[in-house]
Every structure is written in structure tokens, then in C-alpha cells.
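Notes follow once the structure below has been shown.
Convention: sequence-line order gives letters A, B, ...; per-chain numbering from 1.
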Amino acid sequence: MMKNSLVSIARRALTTTVNSTALNLRCYCSPPSSSKAKLFVGGLSWSVDEKSLQDAFSSFGEVTEVKIIYDRDTGRPRGFGFVHFSKEEDAASAKDAMDGKALSGRPLRISLALERVRGEPVVVPRLRNTGDSSRRDA
DNA sequence: ACTGAGCGA
């Protein structure tokens, strides 16, 4: 029970980007019970399309939404996307079935999509201290 | 043309 509660704790993925002037923080939360029908598909070939993913995943269940993430800087696909299923079990089946399978000649990495935290990414204007040594908080 | 380990506006 208690261990299950600990496991149920939402894990946070923190991406820290250190710049000369600012520190960019992006937080993601893992859904405890909801939005499990959302799959993160990584390792996608840069030549893959949304319709390809939809066609590949619709074979396992009803795909409600398919979106491939493109880089807004270069305009090229980052190589990963998100697939929404109407049923969580179908999403899990598709994940278990398509995970490790090669699409467009490239192995796919499928996992539960982490839900991005609401709001905009936290941007810290400046680092308080470089911290040459690990500081202990009282 | 080449590249990649990554969670979206």
C-alpha cells in the first residue's frame, strides 16, 4: 500500500538549460490515472508522417489524435510524436505491440506520454549562485 | 546529402 503510494507519486522530468543569462526550466508530470491513452512515440524516422502513425496504430484501436512534433526552428520533425487513443487498453496494447518495431526503417520507442505542466515553462532570469560545492539546506 | 535518445503551441 504505502509503496504503491510512493510509486503513484507523480514523477517530474526537469530539463535544465543553462545559459549565460537565464536558466530555462521545463516541467512534466506523469498522469496518475488520466490521459493514459496518450502515447509518446519516439525514435520516429524523419520521413514518417502522422497518417503513417495513425494507420499503424489504428490497427490496434481507435486513434483519436495523432501529432508529430516538429522543430519550430528548423521546421524538421524532431523524430517523435504523440498518439491519442480512445481506450487506455488499446493504447497499452499498441504500445506493447509497436514498441521496438521498426517503422520507416527505424525502431520505435513508445512510452506513456508525460503531460506537460500547465502554463508556460519556468524561466529563471539568473542563477543565484554557481555553487562550487554542494550546499546543504538546514 | 549527412544527423537522433528524445515528451508537443
Query raised in the report: Rounded to the nearest 0.5 Å, how far does CG of A:Leu103 lie from OG of A:Ser47?
Result: 10.5 Å
Requested in this report: Answer yes or no: side-chain N or O of A:Arg109 and base N or O of B:dG6 forming a donor-acceptor pair under 3.5 Å.
Outcome: no
**Report entry** Candidates B:dG6, B:dG8, B:dG4 - which lies nearest the side chain of A:Arg106
**Finding:** B:dG4
Requested in this report: Specify the residue among A:Arg78 and A:Ala113 whose closest nucleotide of DNA chain B lies further upstream toward the 5′ end.
Outcome: A:Arg78
Report task. Give the rounded distance in Å between these two atoms: CD of A:Glu115 and P of B:dA9. Result -> 15 Å
Requested in this report: Using heavy atoms and a sub-4.0 Å distance, could you list which residues of residues 49-62 of chain A are near DNA chain B? By number, please.
Outcome: none
Report task. Please name all residues satisfying ring pair (Phe, Tyr, Trp, His ring centres under 6.0 Å) with A:Phe40, sequence neighbours left out, ordered by chain then number. Result -> A:Phe80, A:Phe82
Query raised in the report: B:dG4: syn or anti, with syn meaning chi within 90° of zero?
Result: anti
Query raised in the report: Rounded to the nearest 0.5 Å, how far apart are CG of A:Leu114 and CZ of A:Arg26?
Result: 12.0 Å
Query raised in the report: Any side-chain N or O of A:Arg26 less than 4.0 Å from the OP1 or OP2 oxygen of B:dG8?
Result: yes
Query raised in the report: Do A:Asp55 and A:Ser58 have side-chain atoms, one donor and one acceptor, less than 3.5 Å apart?
Result: no
Query - Nucleotide B:dT3, atom C1' - distance to CG of A:Leu44 in whole Å - result: 16 Å
Report task. Using the closest heavy atom to pick a nucleotide of DNA chain B for each, name whichever of A:Pro77 or A:Lys38 lands nearer the 5' end. Result -> A:Pro77
Query raised in the report: Listed in order of residue number, which residues of residues 69-76 of chain A have a non-hydrogen atom at under 4.0 Å from DNA chain B?
Result: A:Ile69
**Report entry** Note, A:Phe57 side chain near A:Met98 side chain (heavy atom, < 4.5 Å)
**Finding:** yes
Report task. Check whether any side-chain N or O of A:Glu65 sits under 3.5 Å from a backbone N or O of A:His84 as a donor-acceptor pair, and report yes or no. Result -> no
Requested in this report: Kindly indicate whether the side chain of A:Phe85, heavy atoms from C-beta on, has any atom under 4.5 Å from the side chain of A:Val83.
Outcome: yes
Report task. Could you tell me the separation between the CH2 atom of A:Trp46 and the C1' atom of B:dG4, rounded to a whole number of Å? Result -> 4 Å
Requested in this report: Measure from the side-chain N and O atoms of A:Asp99 to the backbone N and O of A:Ile110, and report whether any donor-acceptor pair falls under 3.5 Å.
Outcome: yes
Report summary line: Rounded to whole Å, CZ of A:Phe40 lies from C1' of B:dC7 at a distance of 5 Å
Query raised in the report: What is the nucleic acid contact for A:Ile68, judged by heavy atoms within less than 4.0 Å: base, sugar-phosphate only, or nothing?
Result: nothing
Query raised in the report: Are A:Asp71 and A:Arg76 close enough for a salt bridge, meaning some N to O gap below 4.0 Å?
Result: no
